[in-house]
Amino acid sequence: MSLLSVSGLAVSTHDGRALVSGLSFAVPRGGRLSLIGESGSGKSLTALAVTGLLPPGLAATGTVLLDGTPVIGATDRTLDRVRGRVAAVVFQEPSTALDPLMRLGKQIAEPLRRHRGLRGAALRSAVLEALDEVALPARVARAYPHEVSGGQRQRAAIAMALACRPALLIADEPTTALDVTVQADVLALLDRLVAAHDMALLFVSHDLAVVAKVTDEVVVLSGGRPVQSGPLRTVLANPGDDYTRSLVASARRLDAALDLGGVS
Amino acid sequence: MRRRVFLVAGIVLVLLVVTVALVSLFWTPFPAADTTGGRLEGPGAHHLLGTDKLGRDLLTRLMIGARIAMAVGAGAVALGALLGGLAGLLAAFANRWLDDTLAALLDILIAFPTLLLAMLVVAARGASLGSAIVAIGLAMAAIVARLTRVLAKRVLAMDYVTAARTSGLSWPRIVTAHVLPNIWPTLVVNLALQFGLAVLAEASLSYLGLGPPPPNASWGRLLQEAQSTVLTAPVGAIAPGVLLVVLVVGVNLLADGLRDVADPTRRRHR
């Protein structure tokens, strides 16, 4: 059985406007899948819906099974047992994903304490280990989020998400808010850690080039509907749909422009 | 650095009044009911600040007034923070219907003049120190609740709360670990300002004769009693006014300085 299976997912506002509809996909244990689409295509909402975290005023219908637990319609109490252990989220904007008034070490310690039952010295060394895993120096543990760089904040956020040792990592545009040079580092880190811990990855992005670096399977979303899905290579080679075609074409144009300007 | 000076100045001014209030619990130059002095004496060796028109020692009455000012400020802030904080958090977590209802109620309460509300409470309970605290505390609770609601809503919409929820943190823990620390810097400054306003509100109530009844020597009452003799015995009217200003300015400076201490993201700008 798949770790995450979504069928017929729809998200709508309480006055009935559909934001996402007819979306189905599955992520097996250790598998990777990308949701790709422009802003407003419903990809981030999908990421929130599969963990039962839709903002108030939005409702989801359909079936979402997270490690066999139905998410839609479940109470927070049921979901608390699934969240963290099964799925953790890395957000787009690291400056809002970290509590500005809590030292980073303490923020990373919180999930470690709850999910692995660590205390005292064992907890402290686990925090340092978690920082080391994302290539952050130990002094970051004493720092507040505003005292480190954007890339370091995102690494800390990744360390927090990984601290629970989730089976599925949901990354919602994790590199969009970062500088291009930092993007590549964070992406490589994410790729390495997901592989090292045998995690599944649900990656949300608008950027084909970024997606190509981390996943093979994609679902292309446009206006809240899935327009094409399958292996990335197939989608790139045979964009079966107008929207996908324009997405691929624009990525190609950018590539060509970079080649002309950069290499020659 | 400048803020550091404000903080220290605020602490000094507030401590001055606190010390006077504490000392008055154990010692005053004369017993509170002593009327052996001459009427409307000027400052002198026997009565340091002179006496009022009943021959009571002014310094003694001012010291007891400090006690009342502190009690009203602390009591009203405690009541307002507790009621207002809880109502604000409730509204932030509530569904739309309850949230809208609470918001409307708070707006009505805030629009209602504090003094009028206080008169209602005094009419219902009788004039006493407790009535003054309840009346001012209730009015303050509405303001604190509205502020708490807005601040808590903003924090609840943050990704770090969503992240905490995805890692399975329960709502009560989210409130104590993330919501309260993040709204605290703004809230504590507001509460300190409210403390100053509460002291002023009590002075107004007493001035109108709705505060703690005689022989309680609230600063507002002292002002009112000295009003008719302000030309013959100016110290009686000036001294309570000066003390009011000292306490309120001190509390405001303290509030400004506290903001920096409570919020680490502002520390490096010092």
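Note on naming: letters A, B, ... go to the chains in the order of the sequence lines (proteins, then strands), and numbering restarts at 1 for each one.
- With a 6.0 Å radius and a threshold of 12 heavy atoms from other residues, nucleotides or ligands, A/R114 has its CZ atom above the threshold.
- In this structure, the separation between CZ on B/R173 and CD on A/E110 is 4.5 Å, given to the nearest 0.5 Å.
- Heavy atoms closer than 4.5 Å to chain B are found in the side chain of A/L48, but not in its backbone.
- The neighbour count for A/E129 CD, taken as heavy atoms of other residues, nucleotides or ligands under 6.0 Å away, does not exceed 12.
- The 12-atom threshold is exceeded at CZ of A/R119, counting heavy atoms of other residues, nucleotides or ligands nearer than 6.0 Å.
- A/L101 touches chain B through backbone and side chain together, each having a heavy atom under 4.5 Å away.
- Minimum interatomic distance between A/P100 and B/N182 (heavy atoms only, all atoms of both residues): CG-OD1, 3.4 Å.
- Counting heavy-atom neighbours within 6.0 Å of A/R142 CZ, excluding the residue itself, gives a total of 12 or less.
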Dump the intermediate steps for side chain to side chain contact (heavy atoms under 4.5 Å, CB included) on B/T162 and A/V89, then the final yes or no. CA-CA 9 Å; B/T162 314; A/V89 185; over 6 Å; no

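- If you tally non-hydrogen atom pairs under 4.5 Å between each of A/H115, A/Q92, A/M160 and chain B, the highest count goes to A/H115.
- Chosen from A/D99, A/L79, A/T96, the residue pairing most often with chain B at heavy-atom distances under 4.5 Å is A/D99.
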Please assess B/H178 against A/M102 for the test side chain to side chain contact (heavy atoms under 4.5 Å, CB included), listing each intermediate value before the final yes or no. CA-CA 8 Å; B/H178 295 295; A/M102 203 188 269; 3.8 Å; yes

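- Using a 4.5 Å cut-off between heavy atoms, A/A97 contacts chain B through both its backbone and its side chain.
- Taking every heavy atom of both residues into account, A/E93 and B/D159 meet most closely at O-OD2, 4.3 Å.
- Proximity to chain A (any heavy atom under 4.5 Å) is shown, for B/A157, by neither the backbone nor the side chain.
- Residue B/R165 places its CZ atom among more than 12 non-hydrogen atoms of other residues, nucleotides or ligands, all under 6.0 Å distant.
- With a threshold of 4.5 angstrom between heavy atoms, B/W184 does not approach chain A through any atom at all.
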